[in-house]
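See below for the structure under consideration.
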Amino acid sequence: MRPTGKLHLGNYMGALANWVKLQDQYECYFFIADWHALTTDYADPSRIKLNTLDVALDFLAAGLDPEKSTIFIQSHVPQHAELNLLLGMMTPLGWLERVPTYKEQQENLTGKDLTNFGFLGYPVLMASDILLYQTQFVPVGQDQTAHVELTREVARRFNSMYKSDVFPEPEALYTPVPKVPGTDGRKMSKSYGNTIGLTEAESVTATKIGNMSTNGQRIRQTDPGDPDLCPVGDLHKVFSSADVLAETQQGCRAASLRCAECKDGAFHSVRNVIDPFYKKRMEMESNIEQTWQMLRDQSAKAAIRAEQTMVEVREVFHLSHELGEEGRSFGVSAEDLHNAHDLTAHSDWWNLKDKAERAKNLRDYWRSKLLPRDISLTQEGSRVFSSLERELDEPLLSPRKKRVFVTTSRDMDVADEWHFEIPSKSYEVWMLLPWRKEGYWLDCFAIPQKIFSQPFAKAKKSMKKDEKISVSLRKDGERFLLSIHGSEPVDITELRGNYEPLK
Ligand code: SF4
């Protein structure tokens, strides 16, 4: 419920009285939607807290029970805002513009500028309020059907877009709502100025009912009337006991009951509903600190439940607060880093006899020290730190699932010239690592397919099965020239240390 002022009998009969009953059947969450109030009342927020207190006291006076339900303030549970932001990312603008109340309210609330972002987005906030508690039912009136439907669509879109089942699709729970007539016979509504307040003094109610029009009935008290055509008759229908109702209807039709007496009866029937409520509310108003503390405690309780949902939602958006699996497979493990350091620090390493082992160490060093952290190569989605050595059998995969062959140059000591051997298999990127032991020099070139595909295809024709393609790299001044199996050299200087082809 939005905190936009004191509640009236229409709110009570239309919503609160039903909610009180629902508490015994369901696990319920009732909240005061102060953020929602700001979507239209942003220009003057001065009454938000007072109105929030008003609604809270009305909730409690009507019989909402913090022992049975969770009763809280929306803005005290920041998860509502977080979910609103995230669902806002994936809710199409067109859905919001189509919500019937959007245009309607813009036209009706002429005194307010409702071209603000918050007002357009309020159905997403509403969807967040509902979905945050993985809600099954939303107790609403028929006029809220469009909002619940939008919430269902948002849940559906979320679940299908992210292949999840975080949100059940909530259903509207329509509870019987009596049409509560206002003092002019129209539906009781603040915008018609025809309300009877839940906290108004007896004398105010008496005056309002006393001044009610009889809709042209019984201009002379000796005329018989028709209580079905009179707003006072309507009040009796909602608030009077069966006996009183029958008596007044008969008295009206027979002209044996004066309108003043009839109105007095309606006044007593209305006050019979208001008085216990009023009394309870006054008791609580005398201890406002305690009510506020209750709201804070209850909000903390709601936040615990809301956080459970947000943990799932953040997981879906890869925003979880835990480092998790992604962190474990990201970057360099402490052990690998240690080995990499060892690689350069260990004097024996450079004298390793086994060329394959030396090549593997160089590749590991390149991977842990030079490969950018956002381009960790994987093998079938798993970590491959130790599988680099298996490169001849299986390709590595770039983050975009490109097949990558990683190799170091052969261990030769020819200045400014490096040789590589590449299996004649189909790769999308060759990662060539020329190295020289003087100065611990290791470089890298990511060669995209478009550079090697033609000479590669040509070379393959003249080769035996399992023969390797020889590739040479030569430094010519500042330029690096690549030749594939004797092909014309190609300038690949710009590919030096350039990881674009891997992306
Ligand atoms: S008796 Fe009552 S119901 Fe009949 S016209 Fe008068 S006020 Fe209306």
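What's counted below: heavy atoms across the whole structure, side chains too, no hydrogens, waters or symmetry copies. First listed ligand is number 1; within each ligand, the first listed atom is number 1.
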Could you tell me whether a side-chain N or O of Glu169 sits under 3.5 Å from a main-chain N or O of Glu153, the two making a donor and an acceptor?
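It does not hold such a pair.
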Sub-2.8 Å protein N, O or S atoms surrounding atom 2 (Fe) of ligand 1
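Hits for atom 2 (Fe) of ligand 1 below 2.8 Å: Cys262 SG.
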Using the ring of each side chain (for Trp, its six-membered ring), is Phe59 parallel, tilted or perpendicular to Trp19, with breaks at 30° and 60°?
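Phe59 vs Trp19 ring planes: perpendicular.
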Parallel, tilted or perpendicular: which fits the ring planes of Phe72 and Tyr29, with parallel below 30° and perpendicular above 60°?
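It falls in the perpendicular class, over 60°.
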For residues 216-223, please give each side-chain donor-acceptor pair under 3.5 Å, one per line with the distance, not counting sequence neighbours.
| unit_1 | atom_1 | unit_2 | atom_2 | d |
| --- | --- | --- | --- | --- |
| Gln217 | OE1 | Asp226 | N | 2.8 |
| Arg218 | NE | Asp223 | O | 2.8 |
| Arg218 | NH1 | Leu257 | O | 2.5 |
| Arg218 | NH2 | Gln221 | O | 2.7 |
| Arg218 | NH2 | Leu257 | O | 2.9 |
| Gln221 | OE1 | Cys259 | N | 2.7 |
| Gln221 | NE2 | Arg218 | O | 3.2 |
| Asp223 | OD2 | Arg220 | N | 3.3 |

Please tabulate, for the side chains in residues 317-324, all donor-acceptor contacts under 3.5 angstrom to protein atoms that are two or more places apart in sequence or on a different chain.
| unit_1 | atom_1 | unit_2 | atom_2 | d |
| --- | --- | --- | --- | --- |
| His318 | ND1 | Glu326 | OE2 | 2.6 |
| Ser320 | OG | Glu322 | O | 3.2 |

Which residues share a ring pair (Phe, Tyr, Trp, His ring centres under 6.0 Å) with Tyr122, sequence neighbours left out:
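Partners of Tyr122 by the ring pair (Phe, Tyr, Trp, His ring centres under 6.0 Å) criterion, ordered by chain and then number, come out as Phe119, His147.
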